Asks: 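Got a structure here, written out as structure tokens. Questions coming.
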Amino acid sequence: MFGIPGKQAVTVTDAAARQISKLMKSGGSQGLRIGVKKGGCAGMEYTMEYVSEIDPLDEVVEQDGARVMIAPMAQMFLFGTEIDYEVSLLELGFKFRNPNVADACGCGESIKFKDIDELHAEQAGK
């Protein structure tokens with residue numbers, strides 16, 4: 001739906017690909033669908049769900065047995081994002097390094113995106 005020819009919508013680190021692939025196999029899913037929704041103190045939150053069907057409008061990224069689908073309404077906001085999986089002493093989970101984020105809450109659970117015109121200009125390479 002939204003993209004630049006020859007460039008993947010998101011990148012997936014090796015650690016994230018291993019975790020997604022592992023969870024796909026154990027749950028019998030087709031992949032991990034990511035999106036965004038209104039919520040949280042900064043205004044938007046990421047959504048993630050393992051799904052049994054690929055929506056024909058999803059942007060699909062595959063790497064090393066892992067499949068990530070980007071929901072149509074989230075594609076513009078997630079373009080250029082790196083998805084990682086980190087394990088630390090205090091937490092473990094998926095991390096999003098998203099160049100389209102203007103601000104985030106202190107806990108990192110919610111985000112605010114750049115102005116839509118600014119996003120368009122950056123993604124078009126202006």
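Remember, predicted model here, so these are calculated numbers, not experimental data.
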Asks: With distance as the sole test, does Q30 use its side chain to make a donor-acceptor pair with the main-chain N or O of I54 at under 3.5 Å?
Replies: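 Here the side-chain-to-backbone pair does not exist.
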
Asks: With a 4.5 Å cut-off on side-chain heavy-atom distances among I, L, V, M, F, W and Y, is there a chain of contacts connecting Y50 to M69?
Replies: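 Each belongs to a different hydrophobic cluster.
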
Asks: Taking all atoms of both residues into account, what is the closest heavy-atom pair of A66 and A17, and its distance?
Replies: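 Smallest heavy-atom distance, with atoms named: CB-O, 3.4 Å.
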
Asks: In this structure, would F94 and V101 fall into the same cluster of hydrophobic residues linked by side-chain contacts under 4.5 Å?
Replies: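 Both belong to a single hydrophobic cluster.
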
Asks: Measure the spacing between CD1 of I83 and OH of Y46 and express it to the nearest 0.5 Å.
Replies: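 I83 atom CD1 to Y46 atom OH measures 9.0 Å (nearest 0.5 Å).
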
Asks: Is there a side-chain contact (heavy atoms from CB on, under 4.5 Å) between D14 and Q63? Walk through the geometry before answering.
Replies: CA-CA 9 Å; D14 291 341; Q63 178 182 319; 3.6 Å; yes

Asks: Between Y85 and T13, which heavy-atom pair has the shortest distance, and what is it?
Replies: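 Distance-wise, the nearest heavy atoms are N-OG1, 3.9 Å.
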
Asks: Does F96 share a hydrophobic cluster with V36, counting links as ILVMFWY side-chain heavy atoms below 4.5 Å and allowing steps through other members?
Replies: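 The answer is yes; both residues are in one hydrophobic cluster.
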
Asks: Shortest non-hydrogen contact from D55 to L57?
Replies: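 Smallest interatomic distance, heavy atoms only, reads OD1-N, 2.7 Å.
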
Asks: Hey, does L23 have a side-chain heavy atom less than 4.5 Å from the side chain of S29?
Replies: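 No, their side chains stay 4.5 Å or more apart.
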
Asks: Is there a path of hydrophobic side-chain contacts, each under 4.5 Å between heavy atoms of I/L/V/M/F/W/Y residues, joining V60 to I34?
Replies: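 Unlinked, I34 and V60 end up in two clusters.
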
Asks: Hydrophobic clustering (ILVMFWY, side-chain heavy atoms < 4.5 Å, transitive) - are M24 and I70 grouped together?
Replies: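 I70 clusters together with M24.
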
Asks: Measure the NZ-CD distance between K37 and E45 for me, rounded to the nearest 0.5 Å.
Replies: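 Between atom NZ of K37 and atom CD of E45 there are 5.0 Å.
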
Asks: Atom CZ in R18, atom CD1 in I20: separation rounded to 0.5 Å?
Replies: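 One gets 11.5 Å once the value is rounded to the nearest 0.5 Å.
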
Asks: I need the Q19 CD to L32 CG distance, nearest 0.5 Å.
Replies: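 If we round to the nearest 0.5 Å, Q19:CD and L32:CG are 10.5 Å apart.
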
Asks: Decide, yes or no, whether a salt bridge links E86 with R97 under the criterion of side-chain N to carboxylate O below 4.0 Å.
Replies: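 Here E86 pairs with R97 in a salt bridge, since their nearest N and O are under 4.0 Å apart.
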
Asks: Compare all side-chain heavy atoms of S21 with those of D64 and state whether any distance is below 4.5 angstrom.
Replies: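 No - every pair of side-chain heavy atoms lies 4.5 Å or more apart.
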
Asks: Show the nearest heavy-atom pair for residues G80 and P99, with the distance to one decimal.
Replies: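 Taking every non-hydrogen atom into account, O-CD, 3.4 Å.
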
Asks: Can you give me the closest heavy-atom contact between A71 and G35, atom names plus distance?
Replies: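 Reported closest heavy-atom pair: CB-CA, 4.4 Å.
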
Asks: Main chain of F77, side chain of N100: is a donor-acceptor contact present, judged purely on distance under 3.5 Å?
Replies: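 Here the side-chain-to-backbone pair exists.
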
Asks: Around atom CD of E82, are there more than 12 heavy atoms from other residues, nucleotides or ligands closer than 6.0 Å?
Replies: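 Count over threshold, so yes.
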
